[in-house]
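To start, the structure itself, in structure tokens.
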Amino acid sequence: MNQSDFVAELSWRGMVHQTTEGLPAHMATPGRVAYAGFDPTADSLTVGNLVSAMLLARLQRCGHKPIVVMGGATGLIGDPSGKSSERQLLDPAQVKKNVAGQRKIFEKLLDFTGPNAAVIVDNAEWLLKMGYIEVLRDIGKHFSVNQMVTRDSVANRLESREQGLSYTEFSYMILQAYDFAHLFKAHGCTVQMGGSDQYGNILSGIDLIRRLSQGEGFGLTAPLLLKSDGTKFGKSESGNVWLSAERTSPYRFHQFWLNASDEEVGKLLRWFTFFDRATIEALEAAQKANPSERAAQKALADAATEMIHGSAEVARAKTAALALFSGDIRALDAQLLAEVTHDLTSTSIAASSLDGDGVALLDFLATTPLAASKREARDFLAAGAVSVNGEKAVADAKLTRADVLHGAVILLRRGKKQWHAVRVADEAAR
RNA sequence: GGGCGGUUACUCAAGCGGUCAACGAGGGCAGACUGUAAAUCUGCUGGCUUAGCCUUCGGAGGUUCGAAUCCCCCACCGCCCA
């Protein structure tokens, strides 16, 4: 990749929403330092955060130096941008733990060695040391309240009678601006990147750099990532899609990308893979020519999963999917069965209860997450929504020893994608 | 402080003494069709031992054979006047 084409690279990928003036020329010189901020509100990141993370990763591949700023201090407060209600304040110990968890993910995306080694810093390092009077005197005087209240994020909250805006949140933009100014001085960082909702905060930072250091800062924002139906990206049926295996298994992660719609798969390939333009366009053409093959979705799912979880997990995810969706479950060997069921929710059942007539599926379903109540279980069974080991179950079905696979487990499914493992407890252990 | 209006299931929102487990819309779930999709169509969406029963309509009392619906008190929200 040519070292000078960072902005051009992002442009064809559709990842540029706005840039400040002069940014393309500024980035033409290799070795620039840029940062993006992340809130330590959880011990992991979601695919929503992946947008900013990918900006940093691409930056580094273009010969620049990325800085990850963890909002260890600002996370204690919460950014009002794009939020309609006051944020819960985080406990400092929790923030510390979250910062550590997120660091592990960045280590997969960025190179922390070499001349452009990525750096992770926590704004608690400099913000917590500052005294209140010092902030007011040295930083606050550079901000005009008149200007601050005209910002959309603030104005919306001021108009909303129900929510209001606390002084704490109001001050957030000052702190973020100071982050940029601090990084400019301490790390020679001249560029801040983020989502489009961060543009205002970025401009404040550039302004502060000019006032405090008579220096020049730049900014770049990526478009907000929305699904084609306008809903928020990064949620699946089972909630948020996380980037750590503990929170979202590699199998589910792989499935998330595989289920991308035809309309958005091209965009997702551009944003979240390192494929070049020709490769992506070829995938899109293949997708269009033969939609049911889902070549583009498969390439996307494999590439994204490999990036976050490694190629071994890609193989496992694909094997599991093949077995669950098209394979004969009874034909799986014990090893593969164990892998497939590893991620699923599970319920234990005593082996003895499966003797003779066994246990009524209707009653049992209500004890699993597949059905919230017995009445719901009845509905599902009547609709033919439940299958046992891949075979559709009848309403008065019983679970017996004949259903147990490899002496260990029975696989239940509700609807198309809700799986549940019934683990048969070993009699001898009792 | 005074006057008025409101508080209904995940959300919005009807109901204004029995026919109300509560119209409708959205969302969610399931089925058919499909590509583990979209669109469309159908069903379900308080619980159960399901032709029935039980618990729900801001909270606590009361009137009544019977209340989400009427009365009283309390809490919260909104609008108007001071």
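Residue numbering restarts at 1 for every chain, and letters A, B, ... go by the order of the sequence lines. Quick note: numbers below take in every heavy atom, side chains included, and nothing from hydrogens, waters or symmetry partners.
The CG-C1' distance, from A:Leu300 to B:rG35, rounds to 16 Å in whole Å. Atom CD in A:Glu376 sits about 16 Å away from atom C1' in B:rU50, given to the nearest Å. Distance A:Leu268 CG to B:rA37 P: 17 Å, rounded to the nearest Å. Distance, A:Leu365 CG to B:rC29 C1': 14 Å, rounded to whole Å. Following rounding to the nearest Å, A:Leu381 (CG) and B:rC44 (P) show an atom-to-atom distance of 17 Å. At whole-Å resolution of the value, CG in A:Leu324 and P in B:rG35 are 19 Å apart. When rounded to the nearest whole Å, the span between CD of A:Glu264 and P of B:rA37 equals 14 Å. Rounded to whole Å, atom C1' of B:rA37 lies 10 Å from atom CD of A:Gln287.
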**Derivation of the salt bridge (charged side-chain N to carboxylate O under 4.0 Å, His left out) call for A:Lys318 and A:Asp302** = CA-CA 9 Å; A:Lys318 289 166 84 165; A:Asp302 290 357; 2.9 Å; yes
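Considering only heavy atoms from C-beta on, A:Leu109 comes within 4.5 Å of A:Ile308 through its side chain. Using a 4.5 Å heavy-atom threshold, the side chains of A:Tyr251 and A:Glu313 count as separate. At a threshold of 4.5 Å between non-hydrogen side-chain atoms, the residues A:Arg401 and A:Val424 do not count as touching.
Under the rule for a side-chain hydrogen bond (donor to acceptor under 3.5 Å, both in side chains), the partners of A:Glu281 that lie at least two apart in sequence or sit in another chain are A:Arg277.
Of the nucleotides present, none pairs with B:rA21 by Watson-Crick or G-U wobble criteria with both distances under 3.5 Å. Across all strands shown, the partner of B:rC76 is B:rG6, judged by Watson-Crick or G-U wobble contacts whose two distances both fall under 3.5 Å. Using N1 to N3 plus N6-O4 or O6-N4 for Watson-Crick, or N1-O2 and O6-N3 for G-U wobble, each under 3.5 Å, B:rC44 pairs with B:rG28. Pairing for B:rU55 is absent, judged as Watson-Crick or G-U wobble with the two contacts each under 3.5 Å. Pairing of B:rC16, defined by two Watson-Crick or G-U wobble distances under 3.5 Å, is not identified with any nucleotide.
Regarding contacts with the backbone of B:rC29, every side-chain N or O of A:Arg414 stays at 4.0 angstrom or more from both OP1 and OP2. Distances shown here put a side-chain N or O of A:Ser373 below 4.0 Å from the OP1 or OP2 atom of B:rG47. OP1 or OP2 of B:rA37 sits under 4.0 Å from a side-chain N or O of A:Lys417.
When each of A:His254 and A:Ala372 is assigned the nucleotide of RNA chain B with its nearest heavy atom, A:His254 is the one assigned upstream, toward the 5' end. Between A:Lys374 and A:Ala385, the one whose closest nucleotide on RNA chain B sits nearer the 5' end is A:Ala385.
Distance check on atom P: B:rC54 versus B:rU64 gives 23 Å, rounded to whole Å. The gap from the P atom of B:rA21 to that of B:rG26 amounts to 25 Å, rounded to the nearest Å. Atom P of B:rA9 sits at a distance of 22 Å from the matching atom of B:rC79, rounded to the whole Å. When the P atom is compared between B:rA67 and B:rA32, the two are found 44 Å apart, to the nearest whole Å. A distance of about 30 Å separates the C1' atoms of B:rG66 and B:rC76, rounded to the whole Å. Only the P atoms considered, B:rU45 is 16 Å distant from B:rC20, to the nearest whole Å. Rounded to the nearest Å, the gap between the P atom of B:rG28 and that of B:rU7 is 27 Å. For B:rG78 and B:rU55, the P atoms lie 36 Å apart once the distance is rounded to whole Å.
Interface remark: the A:Gln255 side chain does form a donor-acceptor pair with the B:rU36 base, using a distance-only criterion of under 3.5 Å. Within 3.5 Å, a donor on the side chain of A:Lys416 pairs with an acceptor on the base of B:rU34, or the reverse. Evaluation of atom-type donor-acceptor distances gives no pair under 3.5 Å for the side chain of A:Asp379 against the base of B:rG43. One cannot find a donor-acceptor pair under 3.5 Å joining the base of B:rU36 and the side-chain atoms of A:Arg294.
When heavy atoms are screened at a 4.0 angstrom cut-off, A:Lys392 is found touching the sugar-phosphate backbone but no base atom. Using a 4.0 Å heavy-atom cutoff across all strands shown, A:Gln297 reaches at least one base atom of the nucleic acid. Base engagement by A:Arg378 is indicated by at least one non-hydrogen atom pair under 4.0 Å involving a base atom.
For the side chain to side chain donor-acceptor pair (under 3.5 Å) with A:Gln176, the lone residue among A:Asn201, A:Thr74, A:Asn123 that qualifies is A:Asn201.
Not a single donor-acceptor pair under 3.5 Å links the side chain of A:Gln255 to the backbone N or O of A:Ala301.
The nucleotide whose nearest atom lies closest to any side-chain atom of A:Ala383 is, among B:rC44, B:rA30, B:rC48, B:rA30. The side chain of A:Arg375 sits closest to B:rC44 out of B:rA30, B:rG35, B:rC44.
A perpendicular orientation is assigned to the rings of A:Trp419 and A:Phe325, their planes being inclined by more than 60° (bins at 30° and 60°).
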